[in-house]
J.: 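My questions will all concern the structure given below.
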Amino acid sequence: MSKPASDPGTGGADRELTMSRAMVDAVAAEMRASDDVFYMGEDVQDYGGIFDSTEGLLEEFGRDRIMDVPISETAYVGAAVGAAQAGMRPIAEIMFADFVGVCLDQVYNQMAKNTYMSGGAVNVPMVLTTAVGGTYNDAAQHSQTLYGLFAHLPGMKVVVPSTAYDAKGLMHAAIRDDDPVVYMFHKRLMGIGWMPAPEGPKTPVPEEDYTIPLGEADMKREGSDVTVVTLGLHVHRALEAAEELAGDVDVEVIDLRTLVPFDTETVVDSVEKTGRLVVVDEDYQSFGVTGEVTARVAERALGSLEAVERVALPDVPVPYSRPLENEVNPGADDIVAAIESIK
Amino acid sequence: MSKPASDPGTGGADRELTMSRAMVDAVAAEMRASDDVFYMGEDVQDYGGIFDSTEGLLEEFGRDRIMDVPISETAYVGAAVGAAQAGMRPIAEIMFADFVGVCLDQVYNQMAKNTYMSGGAVNVPMVLTTAVGGTYNDAAQHSQTLYGLFAHLPGMKVVVPSTAYDAKGLMHAAIRDDDPVVYMFHKRLMGIGWMPAPEGPKTPVPEEDYTIPLGEADMKREGSDVTVVTLGLHVHRALEAAEELAGDVDVEVIDLRTLVPFDTETVVDSVEKTGRLVVVDEDYQSFGVTGEVTARVAERALGSLEAVERVALPDVPVPYSRPLENEVNPGADDIVAAIESIK
Amino acid sequence: MVGANTIQSMYEDMVTARYYEERLQEVYLEGKQPAFDISAGTIPGELHLAAGHEAAAAGVCAHLRDEDTVTAPHRPHHVAIAKGVDLPRMTAEILGRETGLCKGKGGHMHLFDPDVNFACSGIIAQGCPPAVGAAMAAQKRNEDSVAVAYLGEGAVDQGAFLESLNLAALHDLPVVFVVEDNDWAISMPVERVTDVENTAERADGFDMPGVRVDHDDAVAVYEAARDAVGRARDGNGPTLLDVQVHRRMGHFMGDAEGYRPDEDQERAQRLDAIERLADDLREHGVDDAELNEIRETAEERVEDAIEWARDQPEPAPEDAYENVFVDGTAAASGGED
Amino acid sequence: MVGANTIQSMYEDMVTARYYEERLQEVYLEGKQPAFDISAGTIPGELHLAAGHEAAAAGVCAHLRDEDTVTAPHRPHHVAIAKGVDLPRMTAEILGRETGLCKGKGGHMHLFDPDVNFACSGIIAQGCPPAVGAAMAAQKRNEDSVAVAYLGEGAVDQGAFLESLNLAALHDLPVVFVVEDNDWAISMPVERVTDVENTAERADGFDMPGVRVDHDDAVAVYEAARDAVGRARDGNGPTLLDVQVHRRMGHFMGDAEGYRPDEDQERAQRLDAIERLADDLREHGVDDAELNEIRETAEERVEDAIEWARDQPEPAPEDAYENVFVDGTAAASGGED
Ligand SMILES: Cc1ncc(C[n+]2csc(CCOP(=O)(O)OP(=O)(O)O)c2C)c(N)n1
Ligand SMILES: Cc1ncc(C[n+]2csc(CCOP(=O)(O)OP(=O)(O)O)c2C)c(N)n1
Ligand SMILES: [Mg+2]
Ligand SMILES: [Mg+2]
């Protein structure tokens, strides 16, 4: 089911969708298919989700299944855990991933652990959706991705789509999954009217249902000189960097798509081919995604690894002012520089 | 001030202390020196801290300075943030690091970020103490170290002592530090009556004050064949493994002691000497300490790095039953095996 | 009025729970003497026993069916027994055995029995939101099952509880919150952590009825719970019950209670809900021989459970990698995959 | 009785705040038309303006001194102005300039002015615990300063607020919690998120006085706050004030308020606390010329602040690495160290 961005969808006949429409498309289809699926979040009814994550769903499904909830993330995320254990398939939205600090216990000590702690006697088939990322000067408490935080804590799968095609397939897979899945969508990719997306995320999307298996990275661009491993918004920045270097350096771009489970093989195979690794991440650099990717390659393909660079948020909270945020959030130029430094 | 465990303290005349006594010693000295220092936590008054972290302090300092608090971690950790910004030097204890999920927002969005978000206009000179670790079958919600989680989030320093000598010096440094410091003490090292400690953590400890600068790793054992980088309880397991292999493999053991700031130099220098790296951690393996250490070495000393192994909790919640916990929590035997696999 | 059969059934639960805790205490100390080592012996780790809390379990659970959900906190055994959790498998779990409720992965603070919809969590008050969620599921499915969340009086200052009150009241969810007030949160007496004398007062501010049961009288609890569970089942929304109980043992095994005044400990021993209920039964014409028989039957059940559990094998070390995900996704996203 | 000087001073704060928000709205939209792009223009990112909330700020802050601490939420400007935060530097911060209060690192949701002990946080209700902590510091140091935590009515279902009530009451801390009830939490009307009509009712269950001020009448707020701040300053503990205000603009700039009934928006425009206060001043004999003068002075102050801010330089990119730690520890524990 995995398709490169260069030829997404099932054919020319497919409509193009923004990432948010593709995500909503999958939610709607799953809600039609089963009464057990419902959506809880702040401003998901009349507002349709601050980042369009539920746009249009209220009309079709009504207020019992598209539920506005009090600003009580612990209570409603925990309620999703309880409803999931009772056999439903709730989707709970944390408006910004930055807010997980007010409800992390329900996320990592309950949602993610109940299956294991019960020896598999219970399971928690829920999806936790949340918006991530910066680039629009929303400062330190509204710009984080926190990919590494979620992925570090065992028991939840973690999904980060970068295109409309992937967003739909991953959402279908997430809702049908019998385990808890954290679905992290980047605000800048959603195609929201007031936050223009780059070119890449809007893709052809088939009308029919399809799933993208969790745990499969996607080669978004083939190349032979350097492997860039990344996710989310930075897939598009990496592709931009690759285009810029085309002719000079032949860059392979791997979109992780899911962090848990992690597709080590695709990454390692690529580095065995190119010998050079650049890991790009919008999350804080240390103790996060870039370290993990580097370590997996070092463990398995140290002999092939000629050079490695990490390009990530340099362990500072996200600053507000434009020149400051631009400095710390890796741009295509930073990726180009990293590639050139080891090519 | 940094001293190897083989010769801790200032001389033979020093009394030997357990790690908990050494930690309390420093807290008491700082409380005597300044009325701004006070301690908040659950069961820190009459109980003296479930893990002896405040044993004896109530008698000397009374209930206004050693404060039992409601089971409201968000409220009292946040109160520490406010008191610190008002110029005091509070110490707030989260009884088990596992509970940080109920108050993470105060920890990472307020305590750790206020300095940066204010452009340095305010600072938050507080210490967050917390007990970490397994080995006594307390299961998934009471056995985590979460080192990687804390270290990943910028704006807080993170300290993990492994001996009484280090515990005292790091606690003095932490309280005097003008930034927030998370002080993570391993239950198994404290020397609590009902949880026997291994040999190593009880060391001679000088009567007088001394600080161990944050950000300095400590070579706990010199060796030339393999570098083992670790922290906390696993320093002692690594030393045990090193002894076991002595004569066959000459193992260097580096105790990180602080995760933030991170002493890259000591680690890299060692690997440049030995060429072989084993990273050992009691936290979950992926997206954590072992990945970060490996990546730092790979970035800076790829040419010297001949082999790397990670030994950590294999991304499962901590299981209860004895054979299961023993399986996942790295033992000296696992460290021996890892060293032998790459020697 | 509460009939003799009901009282007798509660009495059975309560003597079972009491004897269970007394025997677990003994089993727990096996291998931990003379020097107490928490990680040694037949049962390692923390163990929180509920002797003195039985009335709160029996009085509420008497109104529950298997479909009803109960979430319990770190001190769960008495509630589990009253809810009908499989006693041998629960005991095997506490002993860390392969055939335990959770295959030895959960231990005594994390008991899950989906057959009777029982679960627990060792994090203070964090069982409340999932109970609210179970009630939400029932409401959405038009089922008349209810959910009960147990918590200690020390947990009522935790956001998870307070937020849950609001969410439950807002949607008129079929939830009953049961606060077991044993006067202590480990070493902290209730006056040290809140100015509010009884938690029922808090319910008001969330537009929810709050009822205080001042003595751990199982019959009084039963009556208060009848209204509360009935309200929930009838679709009339949640209730907060605040039940006075007594902690007869330390907070956890090994707690010498140095902080606790002798009179307080003595009072807990004196005010015994089980004896009170025996008197009630006597008033209903049950004689001492019958009471003895009930107790003996309960004791036998407990002994059988413990004996069975002791005979069970420990899990194999490699089982540690199973059950992170139900679909068989490799345990280790990082380990040897 | 509230004297003319006091009313006039509140009026000054309020017209300053109102004009400030109106002007910021204009500045914010610079560079964002015709197509609204949140990251474009003079002020990027979210912007939450407080037109219609002014009475809650002026009425409470009138009782405060520089030493008193105030924490504000995501909608902070009116409170900052009433507390005496440096207006030009605040504006420079909102414009992301180097000489802003926070060197351009904080932005409009994270304004810190230690000179007047003002701080904010963009996470709902998370300003409450630090306010409790500031009060705790005052109590420990035997100082008579107080702390005020502002929050919206949408924040009262968040654990951080509820836990803070208990901790403040328990230690009789000098804190005043001020709920600004503007009927909306973004698009969620208050009835959708709680059954409780006014938050003051919640105070009871935490053993704290709760006072509802039903209209955004600055004088009524002033009087309620006099008692509340006075109680705190005298060592008699915390109070919860619940003040009705009105949201005259969208939740944030760019919010078209499609969810909001026209009548509700019209009502917010009609019920204007500033006009009401102008009437009060007239009753005190202040004539329209004087009122005009006050307004003009306020407008000039605002214009000066904006003009100054516009002239300020942006921070240099490399400044991003500073201020993670005050002691100069390298910004990046991982970056190019
Ligand atoms: C969030 C959190 N904080 C602290 C603890 C540690 N802890 C476990 S039990 C307990 C006391 C609980 O008291 P109470 O709720 O009254 O229940 P009791 O033990 O008296 O039955 C504490 C503080 C925890 N498990 N979770
Ligand atoms: C913990 C958390 N959850 C959600 C949000 C997103 N959010 C920001 S403002 C807001 C609504 C707040 O409403 P209210 O408290 O009434 O304040 P108002 O905006 O009306 O002034 C929400 C949901 C947040 N900042 N923090
Ligand atoms: Mg209790
Ligand atoms: Mg509001």
Side-chain angles (χ1 to χ4, degrees), chain A residues 35-36 38 40 64-65 67 69-88 90 102-103 105-106 109-125 151 154-158 177-180 214-215 259-262 264-265 292 295-296, chain C residues 69 71 93 98 100-107 109-115 117 119 121-123 125-141 145 147 159-160 162-168 170-171 173 315 319 322-327 329-334 337:
Chain A
D35 282 346
D36 283 332
F38 65 102
M40 283 191 276
D64 283 346
R65 296 187 65 196
M67 294 172 66
V69 286
I71 310 176
S72 303
E73 285 83 357
T74 289
Y76 75 79
V77 171
V81 173
Q85 280 176 208
M88 300 194 78
V102 306
C103 62
D105 191 78
Q106 282 297 330
N109 271 333
Q110 326 293 328
M111 180 186 87
K113 287 182 185 160
N114 281 354
T115 302
Y116 188 81
M117 293 194 302
S118 72
V122 306
N123 65 320
V124 190
M156 47 193 157
K157 297 173 181 175
V158 180
D177 203 287
D178 288 332
D179 290 307
L214 308 190
L259 287 170
V260 179
F262 189 94
T264 309
E265 203 184 319
E292 183 61 24
R296 283 181 191 234
Chain C
T69 292
T71 63
E93 185 58 35
E98 191 185 6
L101 283 174
C102 313
K103 301 184 181 163
K105 292 198 166 104
M109 279 189 276
H110 315 109
L111 300 166
F112 292 82
D113 188 347
D115 290 345
N117 290 295
S121 173
I123 309 293
Q126 298 288 335
C128 297
V132 170
M136 198 180 263
Q139 190 184 62
K140 287 192 186 299
R141 290 170 155 177
S145 59
L162 298 161
E163 292 188 3
S164 293
L165 293 182
N166 183 64
L167 187 58
L170 176 66
H171 290 286
L173 294 175
D319 288 354
E322 305 291 319
N323 304 127
V324 180
F325 297 114
V326 286
D327 68 358
T329 297
S333 68
D337 49 39

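Throughout, protein chains are lettered first and strands after them, A, B, ... in sequence-line order, and every chain is numbered starting at 1.
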J.: State which residue, out of A:Asn123, A:Asp178, A:Thr115, A:Val260, fulfils the side-chain contact (heavy atoms from CB on, under 4.5 Å) condition with C:Phe325.
T.: A:Val260
J.: Taking atom CG of A:Asp64 and atom CD of C:Gln139, what is their separation to the nearest 0.5 Å?
T.: 7.5 Å
J.: Could you check whether any side-chain heavy atom of C:Leu167 comes within less than 4.5 Å of a side-chain heavy atom of A:Pro70, counting everything from C-beta outward?
T.: yes
J.: Restricting to non-hydrogen atoms, name the atom on C:Phe112 and the atom on A:Gln85 that form the minimum distance, rounded to 0.1 Å.
T.: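 Smallest interatomic distance, heavy atoms only, reads CE2-NE2, 4.4 Å.
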J.: Got a sec, which residues hit salt bridge (charged side-chain N to carboxylate O under 4.0 Å, His left out) with A:Asp179, two or more places apart in sequence or on another chain?
T.: A:Lys157
J.: Are A:Asp36 and C:Arg141 within salt-bridge range, i.e. N to O under 4.0 Å?
T.: yes
J.: Tell me, side chain or backbone of C:Ala131 under 4.5 Å from chain A's heavy atoms, or both, or neither?
T.: neither
J.: Is chain C contacted by the side chain of A:Met111, its backbone, both, or neither, given a heavy-atom distance below 4.5 Å?
T.: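 Neither part, no heavy atoms under 4.5 Å.
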J.: Quick check on A:Asn109 against chain C: is it the side chain, the backbone, both or neither that has a heavy atom closer than 4.5 Å?
T.: side chain
J.: So which residue, C:Asn166, C:Leu173, C:Asn323, C:Leu165, ends up with the most heavy-atom pairs under 4.5 Å with chain A?
T.: C:Asn323
J.: To the nearest 0.5 Å, tell me how far A:Glu73 CD sits from C:Glu163 CD.
T.: 7.5 Å
J.: Quick one: of A:Asp177, A:Val77, A:Asn114, who has the most non-hydrogen atom pairs under 4.5 Å with chain C?
T.: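 Between A:Asp177, A:Val77, A:Asn114, the count favours A:Asn114.
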J.: Between chain A and each of C:Ala138, C:Pro130, C:Ser145, count heavy-atom pairs under 4.5 Å; write down the option with the most.
T.: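 Counting heavy-atom pairs under 4.5 Å, the top option is C:Pro130.
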J.: Below 4.5 Å from any heavy atom of chain C, which atoms of A:Tyr76 appear? Answer side chain, backbone, both or neither.
T.: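 Both backbone and side chain of A:Tyr76 come within 4.5 Å of chain C.
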J.: Set out, in order, the CA-CA distance, both residues' side-chain angles and the distance that settles side chain to side chain contact (heavy atoms under 4.5 Å, CB included) for A:Met67 and C:His171, then state yes or no.
T.: CA-CA 11 Å; A:Met67 294 172 66; C:His171 290 286; 3.8 Å; yes
J.: Who are the side-chain hydrogen bond (donor to acceptor under 3.5 Å, both in side chains) partners of C:Ser121, not counting sequence neighbours?
T.: A:Gln110, B:Gln141
J.: Return the option, out of C:Lys103, C:Lys105, C:Met136, with the maximum number of heavy-atom pairs under 4.5 Å with chain A.
T.: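 The option with the most such pairs is C:Lys105.
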J.: For the residue pair A:Ala75 and C:Ser164, what are the closest heavy atoms and their distance?
T.: CB-N, 4.1 Å
J.: Side-chain contact, heavy-atom cut-off 4.5 Å: C:Pro129 with A:Thr74?
T.: yes
J.: Quick one: which of A:Asp105, A:Asp35, A:Val81, A:Val102 has the most heavy-atom pairs under 4.5 Å with chain C, could you say?
T.: A:Asp105
J.: About how many Å separate CG of C:Leu162 and OG of A:Ser72, when rounded to the nearest 0.5 Å?
T.: 10.0 Å
J.: Given heavy-atom pairs under 4.5 angstrom as the criterion, report whether the side chain, backbone, both or neither of C:Leu170 touches chain A.
T.: side chain
J.: Counting heavy-atom pairs under 4.5 Å with chain A, which one of C:Ala134, C:Ala147, C:Gly133, C:Ala119 comes out on top?
T.: C:Gly133
J.: Tell me the closest heavy-atom pair linking C:Val326 and A:Val122, and the distance in Å.
T.: CG1-O, 4.4 Å
